[in-house]
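Report on the following structure.
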Amino acid sequence: MKRIIYLITSILILSSCTEKMDVELDSSSTRLCVEAKITNDFKKHFVKLSESSDVFFNKEAIPVTKANIKVSDGTSNYLYEETSQGYYESVTKFSGMPGTTYSLSISDVDIDQNGEKEIYQAQSVMPFPYDVDSIKMNYDKRYMNDDGDRKAYWLLSLYLQDDIETENYYGFACQINNKLVHDTITEVVIAEDTFFNGGDSKGVDVGFFDQEKPDEIIYDNDKITLETYAMTEDYFDFVNEFQTMDQTQTPMFSGPPANIRSNISNDAVGFFAVYAITRNSITVNIEQ
């Protein structure tokens with residue numbers, strides 16, 4: 001069953017409205033790269049902007065500064081300010097509301113350096129969060145990981161009732177003592193709705209703690225928190241496409257694949273992510 005769960009390799013950004021994009025850029029082609037997300041956490045949300053020229057070569061991304069950024073939910077407008085080069089935060093804290101459509105507007109940027117300011121837009125609907133019944137920790141001293149190695153792992157199992165009436169897409173990341181240790185997208189796990197198939201899961205492994213990695217070692221009485229993300233189908237498709245690209249490309253001198261999807265207008269690269277988070281915690285009890 002575990003093989004239906006995928007490790008994903010890109011930035012954690014979600015969306016419900018997508019368009020196809022061709023990312024086969026030459027050295028003279030420059031596009032706006034957008035990393036933006038809104039969750040149901042009450043916080044200042046962020047947008048990160050950079051240039052995408054030569055994105056598949058070992059060059060540091062060039063931040064895009066002095067942009068005008070606004071997010072709207074149809075009733076309220078949230079303005080963003082630049083807190084560091086290319087990194088923007090909402091001026092005020094707010095929490096995304098499930099079922100609400102959020103619109104992103106980025107203006108006052110001139111990516112192609114032609115003297116004319118461009119406008120980039122995106123929309124995404126926040127899904128409703130999932131109800132998790134419970135979670136459980138299990139120790140396996142000879143767990144076989146995706147590389148075929150047998151190591152000591154702590155595994156986090158999820159128990160929930162999937163809604164057979166809707167198509168659901170899940171994401172999972174874990175904290176140890178309130179610190180997100182699976183904090184890169186290569187460590188986040190996603191699962192299709194067909195994995196649960198509208199049923200009551202009997203314990204699905206969605207969290208993996210390699211006991212040879214210093215930041216994943218688990219001790220007695222550690223607090224483990226599972227973050228369950230309510231994702232959209234388009235985001236699921238996006239990360240799978242990006243994963244395929246990451247697995248097939250070498251760092252330099254190989255052409256990038258085409259047709260990685262995006263929900264940002266005006267031929268931009270990236271996604272405007274809107275998703276809901278459910279958190280469940282458990283205390284580890286290591287038997288002596």
**OP:** Search all heavy atoms of I119 against all heavy atoms of N266 and return the closest pair with its distance.
**Re:** O-ND2, 3.4 Å
**OP:** Identify the two heavy atoms, one from L49 and one from V47, that lie closest to each other, and give their separation to 0.1 Å.
**Re:** CD2-CG1, 3.7 Å
Original post:
Does K117 come within less than 4.0 Å of D108, counting only side-chain N to carboxylate O?
Top reply: no
**OP:** For F271 and I264, work out which heavy atoms get closest and say how close.
**Re:** C-CD1, 3.9 Å
Original post:
Rounded to the nearest 0.5 Å, what separation is found between the CG atom of D267 and the OG atom of S262?
Top reply: 8.5 Å
**OP:** Rounded to the nearest 0.5 Å, what's the gap from CD on Q85 to NZ on K66? Could you check?
**Re:** 9.5 Å
Subject >> D140 side-chain N/O to R142 backbone N/O, donor-acceptor pair under 3.5 Å >> reply: yes
Original post:
Is the backbone of N77 close enough, under 3.5 Å, to the side chain of D73 for a donor and an acceptor to pair up by distance?
Top reply: no
Subject >> SB check R261 D234 (cutoff 4.0 Å) >> reply: yes
Original post:
Within the distance-only criterion (no hydrogens, no angle test), does the side chain of T39 pair as donor or acceptor with the backbone N or O of A276 below 3.5 angstrom?
Top reply: no
**OP:** Taking only Lys NZ, Arg NE, NH1 and NH2, and the carboxylate oxygens of Asp or Glu, determine whether K93 and D41 approach each other closer than 4.0 Å.
**Re:** no
**OP:** Would you kindly say whether N138 and S157 are connected by a side-chain donor-acceptor distance under 3.5 Å?
**Re:** yes
**OP:** Drop me the distance from I111's CD1 to R31's CZ, to the nearest 0.5 angstrom.
**Re:** 12.0 Å
Original post:
Do you reckon V284 sits in the same ILVMFWY cluster as Y143, going by side-chain contacts under 4.5 Å, direct or chained?
Top reply: yes
**OP:** Answer yes or no: are there more than 12 heavy-atom neighbours, outside D131 itself, under 6.0 Å from its atom CG?
**Re:** no
Original post:
Is there a chain of hydrophobic side chains (I, L, V, M, F, W, Y, each step under 4.5 Å between heavy atoms) that links I62 to V109?
Top reply: no
Subject >> Spatial distance of atom OH (Y102) from atom OG (S124) [nearest 0.5 Å] >> reply: 10.5 Å
**OP:** Could you walk me through whether S95 and N40 pass the side chain to side chain donor-acceptor pair (under 3.5 Å) test, one step at a time?
**Re:** CA-CA 5 Å; S95 57; N40 56 339; over 6 Å; no
Original post:
Cluster question for you: counting only ILVMFWY and a side-chain heavy-atom cut-off of under 4.5 Å, with indirect links fine, are F128 and Y169 together?
Top reply: no
Original post:
If we ignore angles and hydrogens, is there a donor and acceptor under 3.5 Å between the side chains of T83 and E89?
Top reply: no
Subject >> CD-CZ distance between E216 and F208, expressed to the nearest 0.5 angstrom >> reply: 11.0 Å
Original post:
Does atom CD1 of I277 have more than 12 heavy-atom neighbours from other groups under 6.0 Å away?
Top reply: yes
Original post:
Do T278 and T228 get their side chains close enough for a donor-acceptor pair, meaning under 3.5 Å?
Top reply: no
Original post:
S72 and G74: which non-hydrogen atoms are nearest, and at how many Å?
Top reply: OG-N, 3.1 Å
Original post:
Do other residues, nucleotides or ligands put more than 12 heavy atoms under 6.0 Å from the NZ atom of K151?
Top reply: yes
**OP:** Measure up the Y275 and Y229 rings against each other and bin them: parallel (under 30°), tilted (30 to 60°), perpendicular (over 60°).
**Re:** perpendicular
Subject >> Spacing of OH belonging to Y159 relative to CD1 belonging to I135, to within rounding of 0.5 Å >> reply: 10.5 Å
Original post:
Under a 4.5 Å side-chain heavy-atom rule over Ile, Leu, Val, Met, Phe, Trp and Tyr, are F46 and V64 clustered together?
Top reply: no
Original post:
Are Y88 and Y80 close enough that their ring centers fall under 6.0 Å?
Top reply: no
Subject >> Minimum heavy-atom distance between I176 and I218, given as atom pair plus value >> reply: CD1-CG1, 4.1 Å
Subject >> Aromatic ring pairing F94/Y78, orientation class (parallel under 30°, perpendicular over 60°, tilted between) >> reply: parallel
Original post:
For A230 and Y130, which heavy atoms make the closest approach, and how far apart are they?
Top reply: CA-CE1, 3.4 Å
**OP:** Please answer: with hydrophobic residues joined when any side-chain heavy atoms are less than 4.5 Å apart, are I217 and W154 in the same cluster?
**Re:** no
Original post:
Would you say the side-chain atoms of Q211 pair up with the backbone N or O of F209, donor to acceptor, closer than 3.5 Å?
Top reply: yes
